[in-house]
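Along the sequence shown, the residues carry numbers beginning at 1. When a ligand or atom number is given, it counts from 1 through the structure's own listing order.
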Amino acid sequence: MSDSYTIGTLLLDRLYKLGLHHIFGIPGDYVLTLYKLIEESPIRHIGTTREDCAGFAADAYARIHGIGGACVTYCVGGLNMVNAMACAYAERSPVVLISGSPGLAERVKNPFLHHMVRDFSTQRDVFEKITVASVILDDPHTAEREIDRALKALMQFKRPIYLEIPRDLVLAPVQVVSTEPPKETACQSDPAALKEAVAEVRGLLSGSERPVILAGAEIHRFGLQEELTELVEHMNAPIATTLLGKSVIRENHPLYIGVYGGLVGREEILEFVENADCLLTLGTLLTDVEDVKAHTTLLAAGRTVHATADSIAIKHHTYDGVGFEDFVRALVTSPLPSFPSRVLPPRDSVRFDPPGPQAAVTLRNVFGYLDGLLNDQTVVIADVGESLFAAADLRVQQSAEFLSPAYYTSMGFSVPAALGVGFADPALRPLVLVGDGAFQMTGTELSTCIRHGQSPIVVVLNNHGYSTERQILEGPFNDIHEWQYEKICDLLGGGVGHRVGTFGELVRALKTAVDDHTQAHVLNVLLDPGDCSKAMKRVAQRLAKRLAGQKT
Ligand SMILES: Cc1ncc(C[n+]2csc(CCOP(=O)(O)OP(=O)(O)O)c2C)c(N)n1
Ligand SMILES: [Mg+2]
């Protein structure tokens, strides 16, 4: 790109320099001028079948690559992105959403332009609630400053931003102050406060015998996985992760004990964590899905450290002026105590005895078999429902290899996410675990994977409807129309479909899929509707208990 910029070229140049090499979305007349610039830029546009899929793809791309982006037209496209952007906001994924909008000049002549909802700022007002910066680039004099302000917020908070460009301003010339994008702001913590916070952690730990570390998704979003592993090894302390944070440490690490989530975690893990005498939670959202009881109990006793990107809390007070990243790094470099090894809870809850080839396929043998197939090139992408609950006990081999909307829990994330992962890191092989209900929402995005020669393995857990909801309240509203999922490959003109009713068929289909890196594979796994993973049973029981508690 030349050094003479327009608002459009400046934005694309900044994004490319920050590492955004692919942008997902669907064009429309309000954004076509910008699309032409994307085509002329080094950023590759990936057309999707729906805008929300573009959002999920950009979110997954961002989770792997550090920044993701989508570009859509005004309102009909933009507002289709709301759910995906809300997911990115809730789960801290740095996604840039760009939308075209009516030109400023045409607004004067006609206030009722197509795609408008209420007034010209309606779409921006919506996104203001679910982004960390929402900007309309309607002035060439302020465009550079506004773009950089938004990008800084994206980098600092790891949450989405919204940038809108009226179509007649895309080519407006801009005199730039700098040709370089803003830098991620380095250590801004108050050194004295940081020192004091770390000393307090040290003091807390020195009076402890059974500390446990509980790590969450922010470790991944801020790229602190190596620091975390170093900290765990130095302290020789057992570590659990939340469901959303699953895989922030490689799960075959000897100190990793499993997923701790009040709703989904195994009883042994819950007991072990709740038996701790000091809890160090790092980058963990304490959501109702996680339901961190240990935190509640130990907090009362003043034996918790709860560090997140929003605040650093030790015992009953918080430290102003201490950043999350700095805090984690300082814990690694400061001499924290090391603890004697302890007996850890048993690991292999998914271990199973393979049945004969004629045996009916069950969730237990699907997940038991899948567990043995994971390698360090696999990225497991779990949708909502059994795909997520049963996957909680899978052992992911290295960090950053488990993606799921485990907190926001929007169905339909997984197949579009596989598309995003395919571009973010082509060396990874996505293994998509998706329920039949969720697949019916966005499974057709597989079309785009096939179009670009990607080869995800998509396991459709076909239990004839909304099993998760059935556990809570059975009714005909949980039934869905039966599809022949394996035939989607015929419809889309690529990939191989497998109909899987027995364990033998499962093994054969997965072996074929794993050995064939050249194309997508879709497995229609025919489960008994009453089949239910242990994890789902735990969730259902605990939810029922919680509901009963609320009634009394
Ligand atoms: C977009 C969206 N709509 C509705 C829900 C509510 N919901 C949660 S789980 C579920 C059923 C999921 O069905 P399926 O994908 O087949 O998975 P299963 O529960 O059968 O394993 C529903 C409808 C949701 N989480 N997300
Ligand atoms: Mg289902």
Study note, to complete from the structure: Here the atoms of ligand 1 under 4.0 Å from any heavy atom belonging to T409 are 24 (C), 25 (N), 26 (N)
Review point. Can you tell me if D436 has an N, O or S atom under 2.8 Å away from the Mg ion (ligand 2)?
Key: yes
Exercise for review: Give a yes/no on ligand 1: does G412 have at least one heavy atom closer than 4.0 angstrom to it?
Suggested key: no
Review point. Any heavy atom of L461 sitting closer than 4.0 Å to ligand 1?
Key: no
Point to revise | Polar proximity ligand 1 side, T468 side, N/O cut 3.5 Å exclusive | key: yes
Practice item. Mind telling me whether H452 and F423 have parallel, tilted or perpendicular rings, with 30° and 60° as the class edges? Key: perpendicular
Check your understanding: With a cut-off of 2.8 Å, does G465 place any N/O/S atom under that distance from the Mg ion (ligand 2)?
Key -> yes
Practice item. For atom 4 (C) of ligand 1, grab the closest protein heavy atom and report residue, atom and distance to one decimal in Å. Key: M411 SD, 3.7 Å
Point to revise | Protein contact of atom 14 (P) of ligand 1 - nearest heavy atom, named by residue and atom, plus distance | key: G437 N, 3.6 Å
Review point. In terms of residue, atom name and distance, what is the protein heavy atom nearest to atom 7 (N) of ligand 1?
Key: E469 OE2, 3.0 Å
Check your understanding: For T281 and H306, does a side-chain donor sit closer than 3.5 Å to a side-chain acceptor?
Key -> yes
Exercise for review: Would you check if the Mg ion (ligand 2) lies under 2.8 Å from any N, O or S atom of N463?
Suggested key: yes
